[in-house]
Amino acid sequence: MRIRRMTPGDFSFAVSLTDSEDWAYVENDFARLLGYEPEGCFIAEVEKRPVGLTTATSYGPVAWIGNVIVAEGSRGTGIGTQLVSTAVDYLGSVGVKTVHLASYVNTIRFYERLGFRQEFPVSTMSIDTTGFGSSDVDVAKETDLEQIAALDAAYFGGNRSRIIQRMWRDFPQLLLKTDVPAGYVIATCTEKSCEIGPLIAESGSPDAAELLLRGILGNVLADRARIFVPHANPRAAELAKSLGFEEDFRTMRMLNGEVNEAERTDGIYALGALEKG
Ligand SMILES: CC(C)(COP(=O)(O)OP(=O)(O)OC[C@H]1O[C@@H](n2cnc3c(N)ncnc32)[C@H](O)[C@@H]1OP(=O)(O)O)[C@@H](O)C(=O)NCCC(=O)NCCS
């Protein structure tokens, strides 16, 4: 078994492997992940055949590991452990102090053995969007991106500006913002899925968060949308439920390394994605 870096030639393998768990990726999702972290996406091979993968995404001192998956016939032989260790070591080598991930309930022990600790549950919730009309919440312009990235950093506790720029380029109608109180929301919609997040509201303002969430639900074209709600902000699940979101399943946010003191979960109403925070 060997672990090597992912290349664009691996995208179709990555989609077919993640399809086996219904993770709803398209090749472009992996192109974006590899673009964010060219040295931090890994493929496990056995006899030159790809059998597993993981992706890491770093934002300065804080990072996420996602897409930890091994083909069914190759599980239980240490490949998953080596993939996660490789990603953690890589992140350490680029100066990351805090590594997060979202674990299924049944893989918590697997990550605990790798040194991760449990933080708080994250609910994956979904909703039928058809009842939401178009809104007058502002669509962000390119000149807004710097301010949005600064707001995001104040709550997320890391620098996601390259992600925000890229999302705005790929989904320009799906980045909405409010000014007072400041807030923003992004949706990522492909032919397979539509995910809402990050959703950040200054001072944790539930009114701004609700305006943004209603606004983005009115703007997305897909009939259903998902959101990843952190229980560290109790108002986030309350808001999602009040609009009609229903929980599909829960994951556990986990941590390896130092607590990120710069994170302020009271303003975080939705994570960006399970695989990259
Ligand atoms: C989770 C996963 C990546 C582990 O990969 P792997 O190559 O089988 O892992 P390893 O062989 O290194 O370690 C397996 C250990 O973790 C435990 N484990 C792994 N996955 C588990 C699961 N889904 N449920 C319970 N235990 C699990 C195994 O029992 C084993 O413990 P043991 O060594 O005491 O027998 C693999 O099971 C997988 O691809 N699952 C489907 C996708 C998934 O759930 N990914 C995690 C997303 S958060």
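For ligands, and for the atoms within them, numbers begin at 1 and follow the listed sequence.
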Colleague: Is it the case that the side chain of Tyr269 and the backbone of Gly204 share a donor-acceptor pair, with hydrogens and angles ignored and the cut-off at 3.5 Å?
Modeller: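 Yes.
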Colleague: Are any side-chain N or O atoms of Arg75 and backbone N or O atoms of Val70, one a donor and one an acceptor, separated by less than 3.5 Å?
Modeller: yes
Colleague: Exactly which residues line ligand 1, taking a heavy atom under 4.0 Å from it as the test?
Modeller: Glu21, Trp23, Val68, Ile69, Val70, Arg75, Gly76, Thr77, Gly78, Ile79, Gly80, Thr81, Ala102, Ser103, Tyr104, Asn106, Thr107, Phe110, Tyr111, Arg113
Colleague: Taking Arg160 for its side chain and Tyr59 for its backbone only, find out whether a donor-acceptor pair lies under 3.5 Å.
Modeller: no
Colleague: Can you tell me how far the NZ atom of Lys276 sits from the CG atom of Asn67, to the nearest 0.5 Å?
Modeller: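 So the gap between those two atoms works out to 9.5 Å.
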Colleague: Would one find more than 12 heavy atoms of other residues, nucleotides or ligands at under 6.0 Å from atom NZ of Lys192?
Modeller: yes
Colleague: Can any side-chain N or O of Ser205 pair as donor or acceptor with the backbone N or O of Ala201 at less than 3.5 Å?
Modeller: no
